[in-house]
Amino acid sequence: MRYSEMFLPTVRETPSDAEIASHKLMIRAGMIRKLATGVYSVLPLGYRVVKKVEAIIREEMDRAGAQEVYLPAVQPAELWQESGRWKMYGKELLRFKDRHNREYCIGPTHEEVITDLVRNEIKTYRQLPRNLYQIQTKFRDEIRPRFGVMRCREFDMKDAYSFDIDSEGADISYQKMYDAYSRIFSRMGLKFRAVEADTGNIGGSFSHEFMVIADTGEDALIFCTKCNYAANLEKAEVAKPEKKAVNPSAFLALETVHTPNVRTIEEVSKFLKVKPGEIVKTLIFQADSKPVAVLIRGDEEVNEAKLRSFLGCDILELATDDVVLAVTGSPKGFAGAIGVKADIYADDSLMNMVNVVMGGNKEDYHVRNVNNGRDFQVKAFADLRVILKTDPCPRCGSRLRFAKGIEVGHVFKLGDKYSKAMRATYLDKNGKEQYMVMGCYGIGVGRTVAAIIEQNNDDKGIVWPMSVSPFQVVVVPVNVNEKTLAEAAENLYGALRKKGIEVLLDERDERAGVKFNDADLIGIPLRITLGPKKLAEGEAEVLVRKTGKTKSLKLEKIPATISGMVKRGLRKHP
RNA sequence: CGGGGCGUAGCGCAGCCUGGUAGCGCGCCUGCUUUGGGAGCAGGAUGUCGGAGGUUCAAAUCCUCUCGCCCCGACCA
């Protein structure tokens with residue numbers, strides 16, 4: 001490609017509305033432009049990278065035995081009503097009506113459509129297992145899109161769906177995808193971790209997220225310094241404390257204390273001169289509209305994802321003020337467990353606590369020396385809290401490390417959630433109808449591109465790994481008005497292309513500095529500079545973007561040498 | 001959805017408080033010079049000041065509404 005003919009609008013100044021490196025650089029390098037909040041146009045340079053990323057994904061998906069399909073973006077409401085997600089998915093689902101007033105949505109994901117397709121066509125165990133995937137546009141009406149293509153509303157996703165006859169088969173399909181994902185992200189030169197994750201909106205029994213480690217990531221991860229336990233913070237298990245025998249003789253007499261306008265844990269702690277860890281918070285939630293009381297230590301936090309899966313509910317919300325009043329008899333800030341009109345669940349950390357401080361279920365009152373079993377009855381103890389840095393690894397007890405990550409991929413074992421709701425069945429060997437066991441597997445294409453940039457940039461711009469670089473080499477004649485330089489550059493351009501190398505020829509009539517800076521910004525891994533002095537000796541200079549190292553080579557040797565360097569670069573992340 | 005902020009030339013911004021000729025840098029166009037890390041000189045083009053309404057002799061500036069965009073939060077009593 002010739003630079004002078006390319007639609008490649010680089011910008012010198014940092015865009016004012018970009019926060020993180022990848023967003024700034026994608027704008028500056030002329031890869032993307034914003035059309036509306038969370039909606040981006042992809043320009044030629046950006047699209048070249050997208051296509052490379054997609055090619056790697058396709059190769060590895062095909063290698064893993066998946067087959068590519070292409071499903072509609074527009075989906076009828078009926079399918080979503082069948083799976084129950086028309087109600088569940090909430091405002092993120094972009095809905096609309098056609099001219100006949102029929103309801104549709106733009107697919108944020110494709111479980112419904114694929115399940116519908118497969119249930120209509122697959123009838124017997126002989127046709128299973130199958131794994132179908134596509135790369136396609138999704139729309140999710142995010143509350144707050146941000147960070148460029150990292151969290152946007154319209155984006156391309158690779159989504160795959162596996163169908164098996166039983167759970168064991170589904171485990172094999174899951175493992176295949178897990179392995180394929182590991183290869184995909186390795187080939188892109190990413191440093192990543194697969195972590196145990198919450199299944200959220202998609203549902204299912206378990207899942208792993210593929211996290212690119214980056215400080216700008218939106219997810220918090222923990223991993224063990226010793227064993228291989230790794231999890232998203234919202235999923236991370238807390239080691240169960242040992243249950244000790246509680247001796248009721250240690251219970252002190254209940255004591256009601258007047259605490260005017262003392263509501264928060266901090267205020268209670270100060271007012272009563274007790275540590276936050278000695279106070280018990282009572283949180284009133286509504287689980288599918290049914291109020292529940294959740295007890296947790298004052299210095300800890302409820303993990304809503306854990307609570308939701310523990311209760312097995314779909315919608316979990318903190319109760320509104322009037323529900324709190326109805327359930328506890330007091331306004332927010334004074335809720336306690338005694339006499340509360342709801343089931344009481346408590347975090348494991350409260351199992352051995354005695355004589356705690358709690359809200360009094362009466363405005364401006366708290367209670368001391370409250371005890372489970374005497375003053376109220378916990379229905380069940382469970383791991384309901386957010387893990388802390390000081391917690392030990394739930395598997396081996398070693399120290400944990402925290403990191404930030406970008407979720408580029410997510411694999412789910414769905415079980416029969418969709419096949420049951422939508423009656424996707426097959427006949428087994430005995431002629432008996434069985435539900436298919438499903439898995440689903442996503443990769444955010446644009447987000448992966450952004451994540452690659454987050455991990456591969458310096459103060460001059462992007463530093464592409466060879467495997468996803470929009471061009472492998474850029475040829476820069478320092479002055480196109482010198483005929484010998486211009487000709488040598490043309491010759492080199494032709495010779496490199498003959499070798500199958502992807503070359504950008506910067507034959508613009510610009511000063512060398514401008515071209516160097518653009519080459520650095522757009523991140524081409526190798527640069528060949530043609531200058532008058534070297535050329536007089538029949539040589540040109542090769543620069544490696546990542547290391548900044550240069551070497552001079554005889555012109556006739558360049559195509560072979562560069563070809564070798566490109567191949568080595570590609571082999572580095574096989 | 002709640003809070004905060006910003007919309008002025010293609011981009012980055014000043015001007016607004018205290019109403020009175022719309023500016024700066026970069027980019028863009030022309031010419032000459034220059035040519036290995038974002039050139040110099042000379043000349044030139046470019047604005048519904050986000051939109052609508054209002055106040056005023058007069059509005060980028062003050063007021064009201066509205067649209068767009070960015071940031072923070074959106075559950076912890």
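To find a chain, count down the sequence lines: A is the first, B the second, and so on, and within it residues start at 1.
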Give me, pair by pair, the N or O atoms of the protein and of nucleotides 68-70 of chain B that are less than 3.5 Å apart, along with how far apart they are.
{"residue": "C69(B)", "atom": "OP1", "partner": "T37(A)", "partner atom": "N", "Å": "2.8"}
{"residue": "C69(B)", "atom": "OP1", "partner": "T37(A)", "partner atom": "OG1", "Å": "2.6"}
{"residue": "C69(B)", "atom": "OP2", "partner": "T37(A)", "partner atom": "OG1", "Å": "3.1"}
{"residue": "C69(B)", "atom": "O5'", "partner": "T37(A)", "partner atom": "OG1", "Å": "2.9"}
{"residue": "C69(B)", "atom": "O3'", "partner": "K34(A)", "partner atom": "NZ", "Å": "2.8"}
{"residue": "C70(B)", "atom": "OP1", "partner": "K34(A)", "partner atom": "NZ", "Å": "3.2"}
{"residue": "C70(B)", "atom": "OP2", "partner": "T37(A)", "partner atom": "OG1", "Å": "3.3"}

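- Within a 6.0 Å sphere centred on CD of E266(A), heavy atoms belonging to other residues, nucleotides or ligands number 12 at most.
- To the nearest 0.5 Å, the span separating CG on L505(A) from OG on S4(A) amounts to 8.0 Å.
- Atom name C1', nucleotides A58(B) and C13(B): the rounded distance is 27 Å, in whole Å.
- With sequence neighbours left out, R12(A) forms a side-chain contact (heavy atoms from CB on, under 4.5 Å) with no residue at all.
- Electrostatic pairing of D458(A) and K546(A) does not count as a salt bridge here, judged by no charged N lying under 4.0 Å from a carboxylate O.
- With both ends at atom C1', the span from A52(B) to C57(B) equals 23 Å, rounded to whole Å.
- Residues P15(A) and K281(A) both approach RNA chain B. Their nearest nucleotides, taken by heavy-atom distance, put P15(A) toward the 5′ side.
- Judged as a salt bridge (Lys or Arg N to Asp or Glu O under 4.0 Å), and not counting sequence neighbours, E301(A) has no contacts.
- The stretch residues 340-350 of chain A has no heavy atom under 4.0 angstrom from RNA chain B at all.
- Atom name C1', nucleotides G51(B) and C67(B): the rounded distance is 7 Å, in whole Å.
- Ion pairing between D299(A) and R297(A) holds under the 4.0 Å rule for side-chain N and carboxylate O.
- Across all strands shown, U21(B) has no partner, as no Watson-Crick or G-U wobble contact with both distances under 3.5 Å is found.
- Checked by atom type, the side-chain pair D518(A)/T10(A) shows a donor-acceptor distance below 3.5 Å.
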- request: Using a 4.0 Å cut-off on protein heavy atoms (strictly under), produce a 5'-to-3' string for nucleotides 33-46 of chain B with B for base contact, S for backbone-only sugar-phosphate contact, and - for none.
  value: -BBBBBB-------
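- Looking at N261(A) and D364(A), their side chains never bring a donor and an acceptor atom within 3.5 Å of each other.
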Name each donor-acceptor pair under 3.5 Å that joins a side chain in residues 528-543 of chain A to protein atoms two or more places apart or in another chain, with its distance.
{"residue": "T529(A)", "atom": "OG1", "partner": "R527(A)", "partner atom": "NE", "Å": "3.2"}
{"residue": "K534(A)", "atom": "NZ", "partner": "S552(A)", "partner atom": "OG", "Å": "3.1"}

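- The pair R146(A)-E218(A) meets the salt-bridge criterion, since a charged nitrogen lies less than 4.0 angstrom from a carboxylate oxygen.
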